[in-house]
Amino acid sequence: MRIDVLTLFPQMFEIPMSTSMMWKARDRGLLDFHTHDIRDYTKDKHRKVDDTPYGGGGGMVLRVDVVVDAVENVLRMGQSPAPVILMSPQGRVFNHHVAVELATHERLILVCGHYEGFDERIRELVITDEISIGDYVLTGGELAAMVVIDAVMRHIPGLLGAEGGQDRDSHADGLLEGPHYTRPTVYRGLTVPDILQTGNHQAIAQWRREQSLRRTWQRRPDLLLKANLTEDEKYLLAQFAREDLKNP
Ligand code: ADE
């Protein structure tokens, strides 16, 4: 997959994109990553990327001519067509399903802004999608772009390997993951559940599913409304609800 990021602060991507899984993805040729400095597309001697808003009001607005020129140039650099995604608190909210969807593209272009906002004509002319990572406002789209890239890369075949576990991840099947344990077996009196030490794979899988349901019930009951549950699992949920009534 090729990912191009347009930003006023390309240096923000240097360490995150050269560390851990992101580095592995690039090193293995699974991710072809490029940043582009929007300021390089200015034509005046002051390299001005923004201006005051028409109609008054505070803050500065990113200029349409500079950003459109930057996006159109970057689009020409790759072979495949690509969605051009604006990182903004006004976009559709990012989640597991959006990450899986974006991972199906051969190429993505992410546009990060700073300042008050973008000239609206940027959206009309070159943007095809707009993504928010949550209902809060960041000082710029760069950290949001890194979150999106990281979550998308987990779904690129080959990065995590066959046992990578992305199918078991929290949210992959609409539920949160249950607890994990490793050695030591006992630590400060806290023990690893016996079932995990039995080697009975079927019983362990069932225990994990129950733990996953219990954790989702306790922490994110809203997710259960959309989860695909068997009749047995619904019965289990009813049991959790009864337990809660007994121990409010
Ligand atoms: N830029 C500023 N806030 C943002 C958010 N919540 N998500 C994506 N990009 C942003």
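As the structure lists them, so they are numbered: ligands from 1, and atoms in each ligand from 1.
Heavy-atom proximity to Gly140, at under 4.0 Å, picks out these atoms of ligand 1: 1 (N). Using a 4.0 Å cut-off to heavy atoms of Ile131, the atoms of ligand 1 that qualify are 8 (C). For ligand 1 and Gly134, the ligand atoms under 4.0 Å from any heavy atom of the residue are 6 (N).
Not a single heavy atom of Gly113 sits less than 4.0 Å from an atom of ligand 1.
Between Arg123 and Glu120 there is a salt bridge, with a side-chain nitrogen of the basic residue lying less than 4.0 Å from a carboxylate oxygen of the acidic one. Ion pairing between Arg39 and Asp37 fails under the 4.0 Å rule for side-chain N and carboxylate O.
Ring pair His114/Phe9: centre-to-centre distance below 6.0 Å.
Annotation: atom 7 (N) of ligand 1 to nearest protein heavy atom, Ile133 N, 3.0 Å. Looking from atom 3 (N) of ligand 1 to the surrounding protein, the closest heavy atom is Leu138 N, 3.0 Å. Of the protein's heavy atoms, Tyr136 O, 2.8 Å lies nearest to atom 6 (N) of ligand 1. Atom 9 (N) of ligand 1 has Ser88 N, 3.1 Å as its closest protein atom, hydrogens excluded (heavy atom only).
A distance-only check finds a donor-acceptor pair linking the side chain of Glu233 to the backbone of Thr230 [under 3.5 Å]. In this structure a side-chain-to-backbone donor-acceptor pair under 3.5 Å is present from Thr19 to Ile15. Checked by atom type and distance alone, the side chain of Arg63 never pairs as donor or acceptor with a backbone atom of Val68 at under 3.5 Å.
Looking at Thr7 and Glu142, their side chains do bring a donor and an acceptor atom within 3.5 Å of each other.
Neither the backbone nor the side chain of Cys112 comes within 4.0 Å of ligand 1, counting heavy atoms alone. Residue contacts with ligand 1, taken as heavy atom pairs separated by less than 4.0 Å, involve Ala144 solely via side-chain atoms from C-beta onward. Contacts of Asp135 with ligand 1, taken as heavy-atom pairs under 4.0 Å, are absent altogether.
In this structure, the side chains of Arg92 and Glu130 stay at 4.5 Å or more apart for every pair of heavy atoms.
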